[in-house]
2 protein chains.
Amino acid sequence: MPRPTKRHPERGDARTRLLEAARDVIRQKGFTATTVDDLCKAAGVTKGAYFHHFESKEALGVAAAQFWTETTGAFFRQAPYHAPEDPLDRVRAYVDFRKSIIEGVPAEFTCLVGTMTQETYDSYPAIREACAESIFGHAATLEADIEAAMKERAISADWTAASLARHTQAVLQGAFILAKATGDREIARESVDHLKRYIELLFDRPSDMTGAPGRLGAPAKST
Amino acid sequence: MPRPTKRHPERGDARTRLLEAARDVIRQKGFTATTVDDLCKAAGVTKGAYFHHFESKEALGVAAAQFWTETTGAFFRQAPYHAPEDPLDRVRAYVDFRKSIIEGVPAEFTCLVGTMTQETYDSYPAIREACAESIFGHAATLEADIEAAMKERAISADWTAASLARHTQAVLQGAFILAKATGDREIARESVDHLKRYIELLFDRPSDMTGAPGRLGAPAKST
DNA sequence: ACTTACATACCAACTATTCGGTATTTATTC
DNA sequence: GAATAAATACCGAATAGTTGGTATGTAAGT
């Protein structure tokens, strides 16, 4: 459906430009502080175009979250961390990759849907849901590798692949907040290092260490 | 300075009531979406009172962050997790405590300054700074216990007590985002469990891992 | 002919902030 | 300790600018 505009044929259609503007501006100013005019200016379109493509600001928020899901989905799918044979190596490579793309200023490396979640979770259920789908959909792409790694190393744990996958996202989202608070991306990378260390520790020790209670980090069941 | 109003003697002064309202409303709607009218209504004061105490909305944001620092500071200072003799037990107890206070709906258990950071880091440097002070000031209160635990167990690691303390806050902030995205506090608790498991694993093994990885919780004296 | 993709002008509601005023407390003086 | 002065705390209507959204029009593609 999107058709290259005759008026600005080189820059893609207005809808796409608006979504790209939303991605950039909202990560900088937040969803509420970003006005429709801001987006139109950034995208180089008029309000008429805006409301032709999005019936409301909320609708744009939903579309922006979905756009984020699609674009980052493609980005991660083609990323090099899937290459290793060993599934655990793929998980390691994923974390390394996430660390490596923490570059530039926060508005560039932070997560649009994480930001929008904070602002909209109570006021715009539709946006919240689109953000949740984005976050947990991405987390789900890690599950298979984690699961395979657990099987391969005979890890029988009190945690699941799904929960560890979600935890990686929590660490990243939290790391982004600390980076925004300081303006220092190093502080985000530091938390990713902790995440990596955690994963190493989880998989470092086989599960069937018979006789040693509370070895897996679970609080030792008191006798 | 704050003086109990004659008009509403039972509810404290207007300034305090506005800060409490800010704490509650901003956690629900976010900083930008929270209007001055919202705050006045929630606090039961007029706009005149508002602008008597805060010269701008930005100033209120700063004051709200500082109010958060003070109140949560007192709250954590008197919390029971400081009781254990063993410093590592105090760290464990801290994490358990943080998990235990994830109760009710997100607006109740999430962090005001984490929320505000996301929205204001680029537009309101003063607020960002107050939020950063709050987050890292709180993180700093964990450092001594972590440091002591490291010393006691002769952990010589490639991470510092300060960085682990910051990481705990990253995990919590990230956990809050996932909870907001789903509306489910369990998902936040899950990440706190991972954090706890990480800490157990970090301290489970003595630093001089000669032979078998550290089996005992007992501190193995490193050479 | 009909739909899609824009453009322009406009608006009603809302926003943060201002400001002249009153009430209440504190400080000072007698 | 009464009278008075000076702050401080609060009130609420008015304002100027901004906001998301609309109404209406036009030009291009099919």
Checklist entry - Does OP1 or OP2 of D:dA9 have a side-chain N or O of B:H53 closer than 4.0 Å? => result no

Next on the checklist: How many whole angstroms separate atom CZ of B:F54 from atom P of C:dT18?
Outcome noted: 15 Å

Checklist outcome for this item: Nearest heavy-atom approach of A:A63 to A:F54 is CB-CE2, 3.6 Å

Item to check | Check: B:F31 main-chain N/O paired with B:E119 side-chain donor or acceptor under 3.5 Å | outcome: yes

Checklist entry - What's the CG-P distance between A:D13 and C:dC6, to the nearest Å? => result 6 Å

Checklist entry - If we fit an axis to the first five pairs and another to the last five of the helix from C:dA1-D:dT30 to C:dC30-D:dG1, what angle do they make, to the nearest 10°? => result 10°

Item to check | Under the ring-ring contact (aromatic ring centres under 6.0 Å, His included) test, residues paired with B:F67 that sit two or more places apart | outcome: none

Checklist entry - With no hydrogens and no angle check, do the side chains of A:K29 and A:T35 hold a donor and an acceptor under 3.5 Å apart? => result no

Next on the checklist: Could you tell me if the side chain of A:Q118 sits less than 4.5 Å from the side chain of A:Q173, heavy atoms only?
Outcome noted: no

Next on the checklist: Quick check on the 6.0 Å ring-centre criterion: do A:F75 and A:F97 meet it?
Outcome noted: yes

Checklist entry - Any side-chain N or O of B:H52 under 4.0 Å from OP1/OP2 of D:dC11? => result no

Next on the checklist: At a heavy-atom distance below 4.0 Å, what parts of residues 120-131 of chain A sit against DNA chain C?
Outcome noted: none

Next on the checklist: Please confirm whether the ring centroid of B:Y94 lies under 6.0 Å from the ring centroid of B:H82.
Outcome noted: no

Next on the checklist: For A:D158, is there an ion pair with B:R197 - N to carboxylate O distance below 4.0 angstrom?
Outcome noted: yes

Item to check | Contacts of type side-chain contact (heavy atoms from CB on, under 4.5 Å), residue A:D96, not counting sequence neighbours | outcome: A:K196

Checklist outcome for this item: Contacts of A:E133 meeting side-chain contact (heavy atoms from CB on, under 4.5 Å) (sequence neighbours excluded), chain-then-number -> A:E129

Checklist entry - Once each nucleotide of nucleotides 18-25 of chain D is scored for protein heavy atoms under 4.0 Å, what B/S/- sequence comes out, 5' to 3'? => result -SBBB---

